[in-house]
Protein chains: 2
Amino acid sequence: MPNDNTVKSLARAVSVLECFSQKEPELGVTEIADRLKMQKSTVYNILTTFQSLGYLIKNPSNNKYQLGYKLLHLGYIVSSNMSIRQQFIPHMKQIANACGEVCYLGLLDRMEVLYVEAVYPNSQIQMRNILGERAPLHCTGLGKAMLAHMKPEEIREVLSGPLPGFTKCTITDPAVLSNELEEIRNNGYAVDNMEHEFGIRCVAVPFFSMDGSVMGAVSVSGPSPRFDPASVIRNAALITEHLQGLQHCF
Amino acid sequence: MPNDNTVKSLARAVSVLECFSQKEPELGVTEIADRLKMQKSTVYNILTTFQSLGYLIKNPSNNKYQLGYKLLHLGYIVSSNMSIRQQFIPHMKQIANACGEVCYLGLLDRMEVLYVEAVYPNSQIQMRNILGERAPLHCTGLGKAMLAHMKPEEIREVLSGPLPGFTKCTITDPAVLSNELEEIRNNGYAVDNMEHEFGIRCVAVPFFSMDGSVMGAVSVSGPSPRFDPASVIRNAALITEHLQGLQHCF
DNA sequence: AAAAAATGTTCAGTAATACTGAACAGAGTT
DNA sequence: AACTCTGTTCAGTATTACTGAACATTTTTT
């Protein structure tokens, strides 16, 4: 290793930002320092800097920090350059209305599912903003649909990594998951049988970019009793049909 | 000034990220280095670091960079902790339907308008994601409604700064704008008379947090012919009425 | 096709600064 | 009032981020 020109202080600072999550939106100096095994004063300086730049907000009542609105703007720039979203939405509406379930669009990003859009049936206005949500590959319909078509070494990497269980249905055995991926490749669609959220089943179909690599997936998702074997097949066919009209775009 | 413990390399790195915009989503090393008057290799190292962290994506065909999907996730965390959005949406729907125009919600953030939501009339599904968009204070309805109620020294700061013209109607004279702010305070609402986008008029009403400081504003906006004096007053009253039902929340 | 210009990339050296670690301050609890 | 837990400050040094020139690669011009 001759030269590592990566800016390490920047990587550290970013790791501070990444401590914040939906579940822990507010964190203090010591909390972050302990978690990252960094010096308190180092974390303090980073937090202060981010705050002065608008990327963190300090709550004066308890001296804790949360992510700042400047991040919304950067996210906005990303989203306004995502043409794929606009292309998919009309199809997702049709899919959602045809089967009466919520339709999701996800992209493969850094070995995770990146949620891009959720469309609800009956032209109900979508209240929930899902763009930017993330989920693991091994226990979601979208994730498994994509994982099945990733490069063998990438699949191996995921299978060898930890496979955290979310429900009692989550597949945590690499061998079992590997078999399921084979089945997904044969079927052309993936089924999430309450593996991420208990009581929710999901059918997902992947789509590919021009170079043949998997790019993302579209799913429909709802209460498990509505997803009997027949409707699973029906929904998979429905999504596949719509994706065929889109394949030329990427 | 005894000690400035702000992390300067971090501020520099962030300034690199902030070069990217909706209009210039893709930038190269030299382009950024020139703009920020930084060394090429310094910028290169920063870009490489951000890329490895997923905050920038490198286009291999032209070696240019664009903002990465990781930023969507940070933005998502911010947005999912913004309860204000969910509180306002039902009222915005009613406002939009009652007057037949688009209804906007904006917050005051760092001397700019931060757009939070846009609701279209006739329960048309909103296609455009506006959360995170920004605009100046001096030439938008939302901005002027808020500016009028900011602290005198903050107002002076904005008035003394540059007031860039967007259309031929933009108020670029600080004295004229100052008078208009007085009028806005008297009326209780602000009117944007094609000052930001030509042909678009807008009526905006501010709202305040418990400590009495201005927090944001709600507006309706549409083609100028539909905004005659009578409907301006009617729309202002409509928004004001809905805001009264919300004031206790903040 | 060759030359020139512009862009991205690498790397050794040093100038800058980010981090350490201990002390202080302040809030909250016992 | 003592204690514990936070956040904050700061001088010193060890780290490392940046400089600047050279190289590589692509694009444009001649």
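Not measured: the values here are computed from a predicted model. Numbered from 1 within each chain, the chains take letters A, B, ... in sequence-line order.
- Atom-to-atom, CG of B/Asn45 to P of C/dA12 comes out at 14 Å; the value is rounded to the nearest Å.
- Contact annotation for B/Ser41: base contact, defined as any heavy-atom pair under 4.0 Å involving a base atom.
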N/O contacts under 3.5 Å, protein versus nucleotides 5-7 of chain D?
residue	atom	partner	partner atom	Å
D/dG7	OP1	A/Val29	N	2.8
D/dG7	OP2	A/Thr30	N	2.7
D/dG7	OP2	A/Thr30	OG1	2.4
D/dG7	N7	A/Lys40	NZ	3.2
D/dG7	O6	A/Lys40	NZ	2.9

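- Side-chain atoms of A/Ser9 lie closest to C/dC19 of the nucleotides D/dT19, C/dC19, D/dC10.
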Inset, instruction - Just do the salt bridge (Lys or Arg N to Asp or Glu O under 4.0 Å) check on B/Lys40 and B/Asp34 with the steps written out, would you? - result: CA-CA 8 Å; B/Lys40 260 198 313 182; B/Asp34 287 352; over 6 Å; no
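- Rounded to whole Å, the distance from CG on B/Asn59 to C1' on C/dG8 is 14 Å.
- Between the CD atom of A/Gln39 and the P atom of C/dA18 there is a distance of 16 Å, rounded to whole Å.
- In terms of phosphate contacts, A/Thr42 brings a side-chain nitrogen or oxygen within less than 4.0 Å of OP1 or OP2 of C/dT20.
- As rounded to whole Å, 13 Å separates atom C1' of C/dG13 from atom CG of A/Asn5.
- For A/Val7, counting side-chain heavy atoms from C-beta on, the closest listed nucleotide (D/dT19, D/dA17, C/dC19) is D/dA17.
- Aromatic ring pairs are classed by plane angle as parallel below 30°, tilted from 30° to 60° and perpendicular above 60°; the pair A/His138 and A/Phe166 is tilted.
- The side-chain heavy atoms of A/Leu67 and A/Tyr55, taken from C-beta on, include no pair separated by under 4.5 Å.
- Distance, B/Leu47 CG to D/dC18 C1': 15 Å, rounded to whole Å.
- Using modelled atom types and a 3.5 Å distance limit, the side chains of B/Glu26 and B/Asn59 yield a donor-acceptor pair.
- Checked against A/Val218 for a side-chain contact (heavy atoms from CB on, under 4.5 Å), the options A/Ile239, A/Val116, A/Val205, A/Leu246 give a single hit: A/Ile239.
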Which side-chain N or O atoms in residues 149-159 of chain B pair as donor and acceptor under 3.5 Å with protein atoms at least two apart or in another chain?
residue	atom	partner	partner atom	Å
B/His149	ND1	B/Ala145	O	3.1
B/Glu154	OE1	B/Lys151	N	3.2

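- Of the residues in residues 10-26 of chain A, those with a non-hydrogen atom less than 4.0 angstrom from any atom of DNA chain C are A/Arg12.
- Considering CD1 of A/Ile184 and CE of A/Met146, their distance stands at 11.0 Å, rounded to 0.5 Å.
- Separating the CE atom of B/Met38 from the C1' atom of D/dT19 is a distance of 12 Å, rounded to the nearest angstrom.
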Legend entry - Worked verdict on A/Lys168 versus A/Met194 for side-chain contact (heavy atoms from CB on, under 4.5 Å): CA-CA 8 Å; A/Lys168 59 185 176 188; A/Met194 317 193 281; over 6 Å; no
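- Residue B/Ala118 comes nearest to B/Ile130 through the heavy atom pair N-CG2, 3.5 Å, listed as atom of the first residue, atom of the second, then distance.
- Here A/Thr6 lies in heavy-atom contact (under 4.0 Å) with sugar-phosphate atoms only.
- Two residues, B/Ser61 and B/Lys8, neighbour DNA chain D, and the one matched to the more 5' nucleotide by heavy-atom proximity is B/Lys8.
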